[in-house]
Amino acid sequence: MSEYLLEMKKITKSFPGVKALTDVDFQLKAGEVHALLGENGAGKSTLIKVLGGIYIAEEGEIFIEGQPVEIQNVADARANGISIIHQELVLVPHMTVAENIFLGRELMGPFGIDSGKMRKESQKMLDRFNLGIDAGELVGNLSIAQQQMVEIVKAISFNCKILVMDEPTSSISDREVEALFDIMRGLAKQGVGIVYISHKMSELDEVCDRVTVLRDGYYVGTCVVKETPRDELIHMMVGRELSSYYVRDHVDNTKVIFRCDHIDDGKSSKKRVKDVSFEVKQGEIVGFAGLVGAGRSETMQCIFGLTPGSAGEVWLDGQKLNIKNAVDAMNAGIAMVPENRKVEGLYHVQSVNFNSTIEVLKEFIRHLHVDSNKERAITQEFVDKMKTKTPSLEQTVTNLSGGNQQKVMIGRWLATKPRILILDEPTRGVDVGAKAEIYDIMNELTKQGVSIIMISSELPEIINMSDRVYVMYDGRITGCINWQDLSQEAIMKLATEETAGE
Ligand code: ADP
Ligand code: MG
């Protein structure tokens with residue numbers, strides 16, 4: 001028999017325009033808790049979805065206890081003893097705990113569905129883990145953590161051999177995390193192989209035996225957690241070459257024009273922004289780094305007037321701003337381009353298929369109030385300065401080539417006179433050429449004196465484009481790094497620093 005409970009060999013999976021996994025190997029032993037570690041977008045969830053029959057890999061093989069298996073759908077995965085708890089909870093809120101656990105395989109008695117029996121069986125399973133959850137309770141009445149526990153009990157009730165948890169602790173409290181870890185340890189002791197996806201380094205130490213690291217869709221390595229220093233794991237996560245990326249001419253301007261003090265989202269539960277203070281100099285690109293969920297977008301939403309009840313002070317040019325909504329923010333000279341998928345809700349822009357930030361920027365500008373005379377003048381200036389190839393200014397923008405559209409767009413931007421431009425993941429999902437165009441625009445804008453705040457989860461982008469970088473973890477700023485001192489390791493350390501600010 002094979003040494004491994006599960007072996008995934010040379011798994012390759014592409015989506016249109018992105019190769020999410022390339023020749024990835026993964027090996028899981030019975031009775032171990034095995035962490036899957038990697039930056040956002042490294043391919044962790046995709047690998048798990050291949051295992052769970054949600055995606056079909058183009059290439060690669062899967063072995064369970066040494067035997068090759070075909071996993072074409074979720075039922076195949078389940079038949080092979082694989083249970084997965086995905087990042088998104090999938091319980092039905094208006095059904096009871098027992099009904100959820102037995103959903104789709106209800107126990108039948110002589111008179112149809114035997115609710116009593118399902119409830120009794122469920123209660124037995126819940127009690128095995130001392131969860132204090134009533135099997136007859138509606139799932140909608142449970143806390144997120146309790147729902148998570150129900151998911152786990154449900155997963156185990158299939159008598160799984162392999163249990164996968166995709167970032168299960170992101171929404172639950174410390175005490176509940178402990179309960180979860182107890183369950184995991186208990187299951188591992190019974191011989192279940194557990195795959196645990198998490199960014200949290202301290203959790204690795206506490207509950208995981210081995211760790212496999214993915215980076216940019218590639219397998220980097222597998223090591224024993226206790227024998228591997230944290231620094232080395234961070235290096236494995238981020239240790240890529242930076243040379244092929246775009247580089248910026250750094251500005252060393254000392255004039256602070258924008259300051260945010262003690263920004264707080266005002267929420268008592270699920271607080272995402274905790275006493276955030278930072279400053280921005282004129283013509284500077286300030287990067288905001290951190291893992292997904294660190295609170296970067298939420299911070300900017302507070303500043304931009306999108307979070308009712310948020311607190312803190314925002315200062316521009318020595319004046320305290322009173323921003324109650326997005327219009328106030330824009331009138332004050334702050335512009336924000338949210339992450340692509342969030343744009344429609346924010347600006348109510350319809351009928352536009354946003355597929356890149358370039359489009360977003362253009363559309364955003366179209367909806368701003370622009371002084372058309374001024375715009376013409378500035379556009380003309382730019383056409384001259386940047387040698388835009390257009391027969392006349394009357395030429396519709398859409399008939400111009402992409403690069404020339406960009407240049408016209410910069411002119412329009414300047415006409416709206418934003419002082420502060422906030423860009424949330426400006427190049428997510430765009431190809432290399434479009435990235436370079438966006439970086440060109442950013443550089444050009446800063447030369448005109450605009451200051452840019454850029455949220456990005458791509459470390460190479462943050463490092464090459466930022467003059468300074470604030471790093472956030474769990475709603476707080478854990479550090480600020482000048483461009484001379486930027487490295488992927490330095491950022492990652494601050495981005496995974498659990499004790500910071502507590
Ligand atoms: P992780 O879980 O490590 O954060 P993912 O597996 O979710 O990473 O994503 C890996 C890569 O595949 C990313 O570049 C992501 O944008 C892309 N990707 C994931 N799912 C899809 C999908 N359904 N369609 C297109 N691209 C996807
Ligand atoms: Mg994921």
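Keep in mind that what you see is a predicted model, and the values were worked out from it rather than measured. All values below come from the heavy atoms of this structure, side chains included, with hydrogens, waters and symmetry mates left out.
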Original post:
Heavy-atom distance under 4.5 Å between the side chains of V211 and C223, does that happen here?
Top reply: yes
Original post:
Is a side-chain N or O of D265 found less than 3.5 angstrom from the main chain of K271, in a donor-acceptor match?
Top reply: no
**OP:** Using the ring-ring contact (aromatic ring centres under 6.0 Å, His included) rule, collect all pairs that involve residues 134-156, keeping only residues at least two apart or in two chains.
**Re:** none
**OP:** State which residues pass ring pair (Phe, Tyr, Trp, His ring centres under 6.0 Å) with F111; sequence neighbours excluded, sorted by chain then number.
**Re:** none
Original post:
Looking only at heavy atoms, what is the nearest atom pair of S157 and M125, with distance?
Top reply: CB-SD, 3.3 Å
Subject >> Closest heavy-atom pair and its distance - L5, A30 >> reply: CB-N, 3.6 Å
Original post:
Within the side chain of N464, is there an N or O that forms a donor-acceptor pair under 3.5 Å with the backbone of P460?
Top reply: yes
Original post:
Which residues satisfy the side chain to side chain donor-acceptor pair (under 3.5 Å) test with E32, sequence neighbours excluded?
Top reply: H34, R210
Original post:
With no hydrogens and no angle check, is any side-chain donor or acceptor of E232 less than 3.5 Å from a backbone partner on P229?
Top reply: no
Original post:
What residue among D25, L47, L28 forms side chain to side chain contact (heavy atoms under 4.5 Å, CB included) with M8?
Top reply: L47
Subject >> Test item: I156 and V192 side chains (from C-beta on) under 4.5 Å apart, heavy atoms >> reply: no
**OP:** Would you name the heavy atoms of A155 and L163 that are closest together and state the gap between them?
**Re:** CB-CD1, 3.6 Å
Subject >> Exam field: side chain D467 to backbone I285, donor-acceptor pair closer than 3.5 Å >> reply: yes
Subject >> Test item: K44 side-chain N/O and E39 main-chain N/O as donor-acceptor pair under 3.5 Å >> reply: yes
Original post:
Do you know the tightest heavy-atom contact between A495 and G290?
Top reply: CB-CA, 4.1 Å
Original post:
So, the side chain of T478 versus the backbone of V471: is there a donor-acceptor pair under 3.5 Å, distance only?
Top reply: yes
Subject >> Minimum heavy-atom distance between L107 and M118, given as atom pair plus value >> reply: N-SD, 3.4 Å
Subject >> Sequence-distant partners of S310, side chain to side chain contact (heavy atoms under 4.5 Å, CB included), two or more places apart >> reply: C302, T307
Original post:
According to the interplanar angle, ranging from 0 to 90°, do the rings of H250 and W483 count as parallel (below 30°), tilted (30 to 60°) or perpendicular (above 60°)?
Top reply: parallel
Original post:
Is there a donor in the side chain of S14 and an acceptor in the side chain of E58, or the other way round, less than 3.5 Å apart?
Top reply: yes
Subject >> Nearest non-hydrogen partners of A135 and T96, listed with the distance >> reply: O-CB, 3.8 Å
Subject >> Backbone N/O of I85 and side chain of E151: donor-acceptor pair under 3.5 Å >> reply: no
**OP:** If a pair satisfies salt bridge (charged side-chain N to carboxylate O under 4.0 Å, His left out) and one of its residues is in residues 67-83, list it, with sequence neighbours excluded.
**Re:** none
Original post:
In Å and rounded to the nearest 0.5 Å, what is the CE to OH distance from M454 to Y439?
Top reply: 7.0 Å
Original post:
Excluding sequence neighbours, so at least two apart, what forms side chain to side chain donor-acceptor pair (under 3.5 Å) with E59?
Top reply: none
Subject >> Validation row: M149, L180 side chains within 4.5 angstrom (heavy atoms) >> reply: yes
Original post:
Counting distance only, does the side-chain N/O of D134 pair as donor-acceptor with the main-chain N or O of G136 below 3.5 Å?
Top reply: yes
Original post:
Who passes side chain to side chain contact (heavy atoms under 4.5 Å, CB included) against C480, sequence neighbours left out?
Top reply: R468, Y470
Subject >> Ion pair R296/D424, N-O distance below 4.0 Å >> reply: no
Original post:
What residues, two or more places apart in sequence or in another chain, satisfy side chain to side chain donor-acceptor pair (under 3.5 Å) together with R272?
Top reply: E298
Original post:
Looking at side-chain heavy atoms only, is the closest gap between V97 and V139 below 4.5 Å?
Top reply: yes
Original post:
Quick one: are L204 and L233 in side-chain contact, heavy atoms under 4.5 Å?
Top reply: yes
**OP:** Keeping the roles fixed (side chain from Q72, backbone from A77), state whether a donor-acceptor pair exists under 3.5 Å.
**Re:** no
Original post:
Hey, is NZ on K120 packed in by over 12 heavy atoms from elsewhere, all under 6.0 Å?
Top reply: no
Original post:
So do S297 and I455 actually touch side chain to side chain, heavy atoms under 4.5 Å?
Top reply: yes
**OP:** May I ask you to decide if T222's main-chain N or O and T212's side chain share a donor-acceptor pair within less than 3.5 Å?
**Re:** no
Subject >> For E106, all residues meeting salt bridge (Lys or Arg N to Asp or Glu O under 4.0 Å), sequence neighbours excluded >> reply: none
**OP:** Can you sort out the partners of E206 under side chain to side chain donor-acceptor pair (under 3.5 Å), two or more places apart, ordered by chain and number?
**Re:** none
Subject >> M492 and L459, any side-chain heavy atoms less than 4.5 Å apart >> reply: yes
Original post:
Does a side-chain heavy-atom distance below 4.5 Å link M472 with V276?
Top reply: yes
**OP:** Under the salt bridge (Lys or Arg N to Asp or Glu O under 4.0 Å) rule, collect the residues that match up with D182, sequence neighbours excluded.
**Re:** R185
Original post:
Do any pairs count as a ring-ring contact (aromatic ring centres under 6.0 Å, His included) and have a residue in residues 48-74, sequence neighbours left out, and if so which ones?
Top reply: F15-Y55
Original post:
Hey, are R476 and D275 close enough for a salt bridge, meaning a charged N less than 4.0 Å from a carboxylate O?
Top reply: no
